[in-house]
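Predicted, not measured: the structure shown is a model, and the values here were computed from it. The sequence lines fix the lettering, A, B, ..., with proteins before strands; numbering per chain opens at 1. The basis for the numbers below is simple: all heavy atoms, side chains too, and nothing from hydrogens, waters or symmetry mates.
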Amino acid sequence: MRVPVIENVLKLNDEVAQLNRQTLRDAGVYTVNLMGGPGSGKTALLERTLQNLAGKLRIGVIVGDLATARDAERLAEYTDHVVQINTGRGCHLDANQVRQALGQIDLAALDLLVIENVGNLICPVGFDLGQDIKVGLFSVSEGDDKAAKHPYIVTESGLLLLNKTDLLPYMPFDVKKFEDDVRRLNPQVDLLHVSVIKNEIAAWTQWLTVQREQRGPMSPTHEKHSAQGANLAGINP
Amino acid sequence: MHEYSIAESVHRIAAANTPPGATLRRVTLEAGPMRGIDPQAMQWAWQALLGAEVELQLITLPWRVRCADCETVFQADDPLETCACGSDRTRPVGGDELRVTAIEVDERSVPCASP
């Protein structure tokens, strides 16, 4: 017997994501889901971002990796609010993992939350986490064809970053070709160039600040990061 | 391997739609090309989860591309394929479909105790 069913496969994930979105909005926290390939510079970008915005925005990070707490340890140098999620075999974060992580973060102490997804240009894109915006990070060393070859991250992102622009003189990377592919896939998306290693990320930190300001007033108290008191929480499956 | 977590979700939906007493035999899943689902990996994940008793029919949908100049929508192998009119002002439409569209079940074979 054939039973017709029309059901969105990720409905359950999307429902939990909606709960996360409500929790984060109620707390007045602007949330970014940062996606990019392994080695594109996601953690390095966040280290610089936390440094450069210290005293201006209170930023928490949820970081997903298959294994190790290395990223959380790096980021705990700069913020007290880091939660590591180890996904085990999972190639992406899902809304339920983020829901658990949110329980370990003091949202009242934050203006901005960045969820650093598992390094992967494909799997994370389809899983809503409850973010305000998805940000896709590409880098010059990955090659100029990566936008065209990974259309979903381009169409789903509200902002794209091209990192390692300091390598442009040394790499056969055609910026125009890359940007043309991006524009054809997503004419509306903002595209910013950054060089994390040279600390040329002002366009990105400025963009973050504007997005957060549009969300509403921030709490005036900006407590200092206490290096010894870092709350390095972790979640394992 | 997002195929594995998708397989889990597909099975949850199929199980929830299987009438009481019936046995699930086949599930039809439609996936758009944006989803980047590898058919072989999907079947592998499905079998790892359920064994060979339940068949997964995976229908991978083609790219649909719209031309901004002549407004034609056509099926393509490449999301940035050039239009037959010569224009390269094309972009994919949709493609993010991921849905269970049907299941097939064997109705209960054991006679029911109560009428």
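Side chains of A/N117 and A/N33: a donor-acceptor N/O pair is present below 3.5 angstrom, by distance only. For the residue pair B/E8 and B/S5, no side-chain donor N or O sits within less than 3.5 Å of a side-chain acceptor on the partner. Checking A/Q18 against A/R21 by side-chain atom types alone, a donor-acceptor pair falls below 3.5 Å. Side chains of B/Q57 and B/T28: a donor-acceptor N/O pair is present below 3.5 angstrom, by distance only. A side-chain N or O of A/D166 and one of A/S195 form a donor-acceptor pair less than 3.5 Å apart. Side-chain contact of A/D71 with A/T43: a donor-acceptor pair under 3.5 Å is present, judged by distance alone. A donor and an acceptor atom, one from each side chain of A/T31 and A/R25, are nowhere located under 3.5 Å apart.
Residue-level contacts of residues 46-54 of chain B with chain A do not occur; threshold 4.5 Å between heavy atoms.
For a residue to count as touching a neighbouring chain, one of its non-hydrogen atoms must lie under 4.5 Å from one of that chain's; by this rule B/R12 touches chain A with the side chain only. Residue contact with chain A, scored on non-hydrogen atoms closer than 4.5 Å, involves the backbone and the side chain of B/T90 alike. Contacts between B/P19 and chain A at a heavy-atom distance below 4.5 Å involve the side chain alone, from C-beta outward. Residue contact with chain A, scored on non-hydrogen atoms closer than 4.5 Å, involves the backbone and the side chain of B/D88 alike. For B/I37, no part sits under 4.5 Å from any heavy atom of chain A, backbone or side chain. When heavy atoms are compared at a cutoff of 4.5 Å, A/I122 approaches chain B solely by way of its side chain, counted from C-beta outward. Proximity to chain B is limited to the side chain of A/L12, based on heavy atoms less than 4.5 angstrom apart.
In this structure, A/H92 and B/H2 have perpendicular ring planes: the angle between them is above 60°, well past the 30° mark.
To the nearest 0.5 Å, the span separating CD on A/E179 from CG on A/L160 amounts to 10.5 Å.
Annotation for A/I197: atom CD1 does not count as buried by contact number, only 12 or fewer foreign heavy atoms lying within 6.0 Å.
Of the residues considered (B/E30, B/R99, B/M34, B/E104), B/M34 shows the highest number of contacts with chain A, using heavy-atom pairs under 4.5 Å.
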